[in-house]
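Numbering of ligands and ligand atoms starts at 1, following listing order. Quick caveat: nothing in here was measured; it's all calculated off a predicted structure.
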Amino acid sequence: MLPYSGINVNATLKIQLILIFCVCIFVIYISVNHSFNISKIADSTISESPASLAPGISSCSSRYELPEITSLLSPLSGTDEGIFDILRLIGELTDCTRCSVYEVQVTPKVVKRKFFWAKSGADGGKDVFHNSNMKMFPWIFSNIKNKKSIYVHDIESVKEETPDIKLLQTQVNNSFVVMPLLDKSDVFGFIFIEDSQKIVSLEKEPYDLIFLSEILRLAIVQKKFLDEISLFKNLINRSNDYIIVIDRNTSKVIDVNETLCAHTGYSKSEFISMESESLMDIVGNFWSGAFFETCGSSYLDVDSSFKAKDGTKTPVEINVTFIAHDESEYVLAVARNIVERKEREMLLQKIRDRVELALNGADLGMWDWDVATDELVFNARWAEMLGYHAANLPPNFKAIVKMIHEQERDEVISVFRSIKQQSPFFEEEFRINTRNNESKWLLVRGKATEFDGEGKVSRLTGTAMDITERKLSEDHLKQYADKLQRSNEMKELFTDILRHDLLNPAGAIKGYTELLLEIENNERKKTMLERIQKSDDKLIDMIDTAAKFAKLESQEELEFSVMDLGDLLCNVTESLRPMFESKKMEVIMRFSGAHNSSVNHIVEEVFANFLTNAVKYSSENTSIFIDIFDDSGMWKVAVSDQGEGIADADKPYVFDRFKRVTKKGVKGTGLGLAIVKRIAELHKGDVGVENNPDGKGSRFWIMLKKA
Ligand code: ADP
């Protein structure tokens with residue numbers, strides 16, 4: 001017997017015992033009396049007799065000989081044909097028109113005709129009880145329930161007014177017999193015999209009918225049992241899981257399902273004849289005594305594998321049950337193919353690894369907090385930030401809160417408390433005292449990912465970044481900015497000193513020197529006074545330029561208005577006319593029309609500087625040319641001279657502060673072009689120098705936006 005659960009092992013044994021019992025009873029009676037007699041318990045019209053065979057047997061005059069009984073028993077293989085054969089015998093015995101077997105189904109609670117025989121020539125008749133509910137036949141079913149047979153000789157003469165009698169009177173010709181069918185003590189159906197010609201004699205001596213009905217009952221029970229087995233066999237064979245049963249004592253396979261055979265490529269007979277070593281090679285040693293000793297009557301092996309005939313291995317999860325039965329021990333294994341699960345797990349692991357890599361790449365700690373249980377899940381980097389090894393960090397948020405610097409703790413708690421469904425994101429920077437008593441700055445960002453029924457946060461997920469270095473840099477930067485601020489203030493103070501405190505005495509020197517020059521007649525003293533005057537002029541120029549530069553340096557932006565660059569150039573040129581005349585120089589404007597640009601008046605300083613330098617660094621009787629070009633959507637104002645020019649190596653530096661190329665014979669501070677550059681910057685423009693394209697000398701230019 002297979003120890004499969006659900007298979008009614010006892011039922012088979014019982015059938016066998018019943019068969020043996022029946023055969024013995026009949027053999028004994030046939031050999032002793034050659035006849036049966038069953039006591040009559042009925043009136044002339046309707047009689048009810050017990051359906052069970054044994055209690056009513058008292059004497060016998062059977063029409064069946066032993067070989068016939070044996071042949072009757074042979075159909076007990078429980079086939080439809082066998083059952084029909086017995087039904088035919090009942091039909092012949094009772095000389096009836098029709099003989100049917102009805103089964104009472106439990107769900108749905110209806111009666112169904114399962115087997116049917118009709119006398120040759122007779123029509124099929126009506127399926128009287130077809131799909132009817134028990135309630136529709138109260139009289140008949142109350143008898144069946146009480147396990148009593150019913151003999152009705154003349155349907156018309158039945159006086160009962162029950163609905164079933166009324167119905168049967170319209171459906172059945174004359175007489176009928178109903179015999180209940182039992183499995184153990186439960187009624188599972190009944191035999192319905194219509195219009196028997198021998199109903200009177202059968203009722204008097206019903207033993208043959210009872211005998212045949214008993215044989216029929218056994219055949220049906222056996223068929224039901226075989227159907228059940230075949231259903232289970234089918235289910236087991238078609239199960240997605242691999243099922244294997246092993247006798248633990250012999251280590252031999254007793255049974256395997258088709259799924260296992262199909263998957264491994266071994267047939268059932270190959271499995272059954274397999275030596276235990278080969279079997280172990282294929283399915284592992286899950287039935288070994290060691291497991292039984294340690295795991296008890298069942299265990300689950302979640303990480304095993306089955307090897308197919310072609311050598312391929314399939315990961316399986318085996319559920320093993322040890323079963324003791326009939327002094328034998330069996331091992332039932334139900335294994336599940338977990339290839340897909342493993343693949344999914346691997347995919348998940350890959351995704352996790354990638355996320356972890358990305359988090360590592362970004363140097364991020366990851367945490368996930370179940371607010372209700374205070375359970376905290378985190379990655380190794382998060383633990384490391386707090387000075388822990390992943391295995392040692394307390395996995396709850398309360399412990400983390402304690403580590404937050406007390407100056408920021410309340411703020412962090414209130415931020416967490418303020419997270420709502422409408423604003424689930426948060427970001428907070430705070431210090432934490434690590435396990436090693438280090439103070440670290442963390443930037444924690446996250447989102448509430450789950451809420452309870454009342455809308456309260458139940459889960460928060462986020463990242464953490466160690467921003468200690470950034471915070472230190474910020475501190476340094478702040479200190480530096482403070483320093484710069486202080487030095488800027490110093491510069492402004494110095495500029496003020498330049499402008500007022502130095503310029504005023506220099507101006508006084510200038511005035512007194514001029515007065516002295518007017519009244520002084522001594523030539524030597526005059527020459528000395530003139531030198532003082534020159535030096536003082538130079539000093540005033542220097543103070544003026546330096547103050548201007550300092551002011552422009554600290555200025556962030558200028559106010560602009562639309563002006564014609566040509567007009568500005570004419571104004572500046574006009575104001576510098578005495579200078580040109582002193583060196584007999586000519587200024588030629590090579591542009592016409594309006595050249596509107598959004599500029600500040602200070603741009604005149606640029607033109608003045610270009611023109612002053614053109615005079616300063618050119619010989620007498622040379623010319624200065626002023627052009628305005630349209631260059632890439634901007635105005636390019638260029639001042640070209642015929643002076644000494646600037647070497648290519650020096651060109652990149654002439655706009656840098658204090659980088660005068662040569663001091664020879666020239667007055668100046670070296671700040672002029674630096675001021676030009678700054679003014680150009682404030683105008684979001686550009687400046688440059690190139691060789692005068694028309695010949696000797698240089699060309700200084702500034703680019704200004706068109707308006
Ligand atoms: P400064 O003229 O007061 O020395 P600038 O900043 O105006 O200072 O000029 C920087 C230097 O660029 C000058 O010293 C000079 O060597 C050179 N430079 C400027 N303009 C010209 C020019 N038109 N021709 C030749 N060299 C020039």
Side-chain angles (χ1 to χ4, degrees), residues 495 498 502-503 506 534-553 555 569 572-573 575-590 602-629 636-683 685-703:
T495 313
L498 274 180
L502 288 180
L503 209 54
K534 258 189 190 172
S535 295
D536 190 47
D537 281 348
K538 200 174 173 184
L539 182 68
I540 290 170
D541 184 44
M542 276 173 70
I543 293 169
D544 224 20
T545 321
K548 210 181 279 172
F549 182 72
K551 195 181 167 210
L552 280 170
E553 274 287 86
Q555 206 153 353
L569 282 162
V572 174
T573 310
S575 68
L576 297 174
R577 184 166 294 282
M579 193 175 62
F580 303 126
E581 282 170 359
S582 72
K583 279 188 91 172
K584 299 181 187 93
M585 290 178 80
E586 190 189 11
V587 178
I588 302 159
M589 311 247 184
R590 297 194 290 201
I602 202 164
V603 81
E604 286 177 340
E605 289 284 334
V606 175
F607 305 147
N609 185 279
F610 285 171
L611 289 164
T612 313
N613 279 349
V615 174
K616 265 202 273 186
Y617 301 104
S618 300
S619 332
E620 288 186 354
N621 294 313
T622 54
S623 302
I624 297 167
F625 301 92
I626 305 175
D627 299 287
I628 306 178
F629 305 110
K636 182 177 181 177
V637 180
V639 175
S640 312
D641 62 49
Q642 295 170 326
E644 62 196 59
I646 299 174
D648 286 345
D650 296 328
K651 282 185 183 113
Y653 308 109
V654 289
F655 291 94
D656 288 349
R657 198 170 147 190
F658 304 122
K659 278 206 175 157
R660 177 120 48 99
V661 177
T662 168
K663 291 181 177 175
K664 218 174 130 193
V666 175
K667 291 180 189 172
T669 57
L671 273 175
L673 288 177
I675 291 172
V676 163
K677 191 178 171 188
R678 181 67 189 144
I679 293 171
E681 279 169 7
L682 289 168
H683 278 82
D686 199 6
V687 284
V689 63
E690 58 206 23
N691 291 334
N692 181 358
D694 302 324
K696 194 174 173 268
S698 45
R699 169 186 275 180
F700 281 84
W701 53 261
I702 180 168
M703 301 274 259

Who are the salt bridge (Lys or Arg N to Asp or Glu O under 4.0 Å) partners of D544, not counting sequence neighbours?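 Not a single residue meets the salt bridge (Lys or Arg N to Asp or Glu O under 4.0 Å) criterion with D544.
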At a 4.0 Å threshold, what atoms of ligand 1 neighbour a non-hydrogen atom of [X]?
| X | result |
| --- | --- |
| S698 | 22 (C), 23 (N), 24 (N) |
| F700 | 19 (C), 20 (N), 21 (C), 22 (C), 23 (N) |
| K616 | 1 (P), 2 (O), 3 (O) |
| G645 | 25 (C) |
| L673 | 5 (P), 6 (O), 7 (O), 9 (O), 10 (C), 12 (O), 19 (C) |

Quick one: does ligand 1 sit under 4.0 Å from the side chain of D650, the backbone, both or neither, non-hydrogen atoms only?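 Within the 4.0 Å criterion, D650 makes no contact with ligand 1.
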Check against salt bridge (charged side-chain N to carboxylate O under 4.0 Å, His left out), D686 and K636: CA-CA 9 Å; D686 199 6; K636 182 177 181 177; over 6 Å; no
Judging by distance only, is a nitrogen or oxygen of V654 under 3.5 angstrom from one on ligand 1?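 Between V654 and ligand 1, no N or O pair is found under 3.5 Å apart.
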Decide whether an N or O pair under 3.5 Å exists between E644 and ligand 1.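 No - when backbone and side-chain N and O of E644 are compared with those of ligand 1, no distance drops under 3.5 Å.
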Search all heavy atoms of R699 against all heavy atoms of S640 and return the closest pair with its distance.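 In this case the closest contact between R699 and S640 is NE-OG, 3.0 Å.
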Of the listed options Y617, F655, F610, Y653, closest to atom 22 (C) of ligand 1 (non-hydrogen atoms):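 Minimum heavy-atom distance to atom 22 (C) of ligand 1 goes to Y617.
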Less than 4.0 angstrom from a charged side-chain N to a carboxylate O is my criterion; do D541 and K538 meet it?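 Looking at D541 and K538, the cut-off is not met.
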Measuring only between side-chain heavy atoms, which start at C-beta, is V637 closer than 4.5 Å to V603?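 No - every pair of side-chain heavy atoms lies 4.5 Å or more apart.
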One pair to check against side chain to side chain contact (heavy atoms under 4.5 Å, CB included): L673 and N609. What are the steps and the verdict? CA-CA 7 Å; L673 288 177; N609 185 279; 3.4 Å; yes
Does I675 offer a backbone N or O that forms a donor-acceptor pair with the side chain of K548 under 3.5 Å?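 Absent.
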